[in-house]
Amino acid sequence: MKVLLLKDVYKLGRAGDIKKVADGYGRNFLLPQKLAVLATAGALKQVDKIRSQAEVRRTEQNSELKGLADQINGITVVFSAKAGETGKLYGSITTQDVATAIQEKTRFEVKKQQIDMQPIRNLGEFTAHVRLTMDLVPEVKIIVHREGEAIDDGTSATAEAPQTQAEAPAPEAETAEA
């Protein structure tokens with residue numbers, strides 16, 4: 001099925017583009033949501049008009065959300081979680097957890113659907129992207145450390161665990177010598 005996009009659709013295209021999509025995707029999602037229309041001869045005559053309107057709408061949205069993108073970009077979100085000895089979490093850090101943490105820091109509502117990342121199942125540092133618009137995609141740094149351990153200067157818990165084990169035998173050797 002060929003459709004003419006009326007609005008920007010994530011991972012498909014921008015408004016005014018003509019795309020070939022699966023029948024079910026077009027019939028059940030794009031058409032009912034008013035994101036696209038069938039690519040008929042009459043609709044194709046309106047491509048330039050749709051593209052110009054979409055460009056105006058896109059620039060308005062980008063200018064409105066530019067300040068928010070600057071505010072979100074570079075945020076560090078820290079989670080403490082229970083983990084096994086290998087660093088694997090008992091559970092996972094999901095997009096909902098990250099959205100809630102960003103919302104607490106910025107006071108702006110971020111939906112879990114706007115966050116691009118896989119569920120985090122290990123200790124360490126990760127990055128996630130927040131899709132505000134197709135052009136504004138700020139990055140968020142996520143640090144997951146073991147529950148009960150403190151993190152210093154943004155280092156991850158996986159880097160700290162070997163240090164604490166290596167430092168533990170040294171004081172014992174000093175006490176044996178004294």
Side-chain angles (χ1 to χ4, degrees), residues 3-19 21 25 29-30 32-37 46-83 87-89 91-161 163:
V3 294
L4 170 64
L5 297 178
L6 299 175
K7 296 181 181 176
D8 296 347
V9 180
Y10 181 63
K11 290 190 178 179
L12 183 61
R14 296 186 178 266
D17 291 351
I18 299 165
K19 295 288 181 175
V21 296
Y25 182 54
F29 179 72
L30 295 174
Q33 298 287 329
K34 306 273 192 249
L35 298 174
V37 293
Q46 298 178 355
V47 169
D48 292 331
K49 180 182 172 187
I50 291 170
R51 282 193 179 138
S52 63
Q53 288 175 347
E55 187 64 36
V56 169
R57 194 174 335 119
R58 201 174 300 124
T59 55
E60 286 176 7
Q61 282 182 335
N62 286 345
S63 63
E64 287 176 15
L65 297 175
K66 180 74 171 142
L68 178 65
D70 293 338
Q71 191 178 3
I72 290 177
N73 199 17
I75 282 183
T76 302
V77 181
V78 180
F79 292 99
S80 64
K82 292 183 180 180
K88 192 166 172 70
L89 299 182
S92 64
I93 307 296
T94 62
T95 55
Q96 180 63 52
D97 299 330
V98 174
T100 305
I102 291 171
Q103 188 172 342
E104 288 174 4
K105 283 198 171 195
T106 63
R107 302 286 182 229
F108 178 77
E109 185 177 345
V110 176
K111 297 177 184 162
K112 67 180 183 179
Q113 291 86 357
Q114 291 177 296
I115 297 176
D116 279 341
M117 66 172 232
Q118 293 296 318
I120 298 171
R121 295 188 172 95
N122 295 313
L123 297 173
E125 291 185 15
F126 305 91
T127 57
H129 299 279
V130 181
R131 285 183 289 108
L132 298 176
T133 65
M134 284 185 83
D135 300 325
L136 291 175
V137 185
E139 237 179 47
V140 175
K141 183 177 176 184
I142 302 169
I143 298 175
V144 183
H145 65 91
R146 186 172 274 117
E147 213 172 61
E149 287 185 6
I151 59 169
D152 298 322
D153 302 324
T155 57
S156 67
T158 53
E160 290 179 9
Q163 291 173 352

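Everything numeric in this text was worked out from a predicted model, so none of it was measured. Heavy atoms only: backbone and side chains are in, while hydrogens, waters and symmetry mates are out.
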For this session: Carefully, step by step, assess Glu139 and Asn73 under the rule side-chain contact (heavy atoms from CB on, under 4.5 Å).
Result: CA-CA 5 Å; Glu139 237 179 47; Asn73 199 17; 3.8 Å; yes
In residues 9-17, what donor-acceptor pairs under 3.5 Å come from side-chain atoms, sequence neighbours left out?
from  : atom 1 : to     : atom 2 : distance (Å)
Tyr10 : OH     : Asp116 : OD2    : 2.7
Arg14 : NH2    : Asp135 : OD1    : 2.7
Asp17 : OD2    : Arg14  : N      : 3.0

For this session: Can you sort out the partners of Gln103 under side-chain contact (heavy atoms from CB on, under 4.5 Å), two or more places apart, ordered by chain and number?
Result: Glu109
Exercise. Could you give the distance from CG (Leu68) to CZ (Phe108), rounded to the nearest 0.5 Å?
Worked result: 5.0 Å
Exercise. Taking all atoms of both residues into account, what is the closest heavy-atom pair of Asn62 and Leu136, and its distance?
Worked result: O-CD1, 3.6 Å
Exercise. Quick one: do the Thr59 and Glu55 side chains pair a donor with an acceptor below 3.5 Å?
Worked result: no
Problem set entry | Partner residues of Gln61 under the side-chain contact (heavy atoms from CB on, under 4.5 Å) criterion, sequence neighbours left out | Thr133
For this session: Measure the shortest side-chain to side-chain distance between Ile142 and Glu125 over non-hydrogen atoms and say whether it is less than 4.5 angstrom.
Result: no
Exercise. Closest heavy-atom contact between Leu89 and Ala83?
Worked result: CD2-CB, 3.9 Å
For this session: Drop me the distance from Arg107's CZ to Ile102's CD1, to the nearest 0.5 angstrom.
Result: 14.0 Å
For this session: Look up atom OG1 in Thr94 and atom CE in Met117, then write down how far apart they are to the nearest 0.5 Å.
Result: 6.5 Å
Seminar exercise, completed: Residues passing the side-chain contact (heavy atoms from CB on, under 4.5 Å) test with Gln33, sequence neighbours excluded, are Phe29, Leu35
For this session: Decide yes or no on side-chain contact (heavy atoms from CB on, under 4.5 Å) for Leu123 and Arg146, but give the supporting numbers first.
Result: CA-CA 7 Å; Leu123 297 173; Arg146 186 172 274 117; 3.6 Å; yes
Exercise. Closest heavy-atom contact between His129 and Val137?
Worked result: CB-CG1, 3.5 Å
Seminar exercise, completed: Tightest non-hydrogen contact, residues Pro138 and Ala69, listed as CB-O, 3.6 Å
Problem set entry | Intermediate values then yes/no, side-chain contact (heavy atoms from CB on, under 4.5 Å), Val98 and Phe79 | CA-CA 9 Å; Val98 174; Phe79 292 99; 4.1 Å; yes
Problem set entry | Which residues share a side-chain contact (heavy atoms from CB on, under 4.5 Å) with Lys82, sequence neighbours left out | Tyr90, Glu147
For this session: Mind listing the closest non-hydrogen atom pair of Lys19 and Leu5 along with its distance?
Result: CG-CD1, 4.1 Å
Exercise. How far does CD of Gln53 sit from CG of Asp48, to the nearest 0.5 angstrom?
Worked result: 11.5 Å
Problem set entry | Sequence neighbours excluded - salt bridge (Lys or Arg N to Asp or Glu O under 4.0 Å) pairs with any residue from residues 91-105 | none
Problem set entry | Least distance between heavy atoms, Ile115 atom then Thr95 atom | CD1-O, 3.7 Å
Exercise. Say you draw a straight line from CG of Leu30 to CG of Leu6; how long is it, rounded to the nearest 0.5 Å?
Worked result: 9.5 Å
Exercise. Rounded to the nearest 0.5 Å, how far does CE of Met134 lie from NZ of Lys7?
Worked result: 14.0 Å
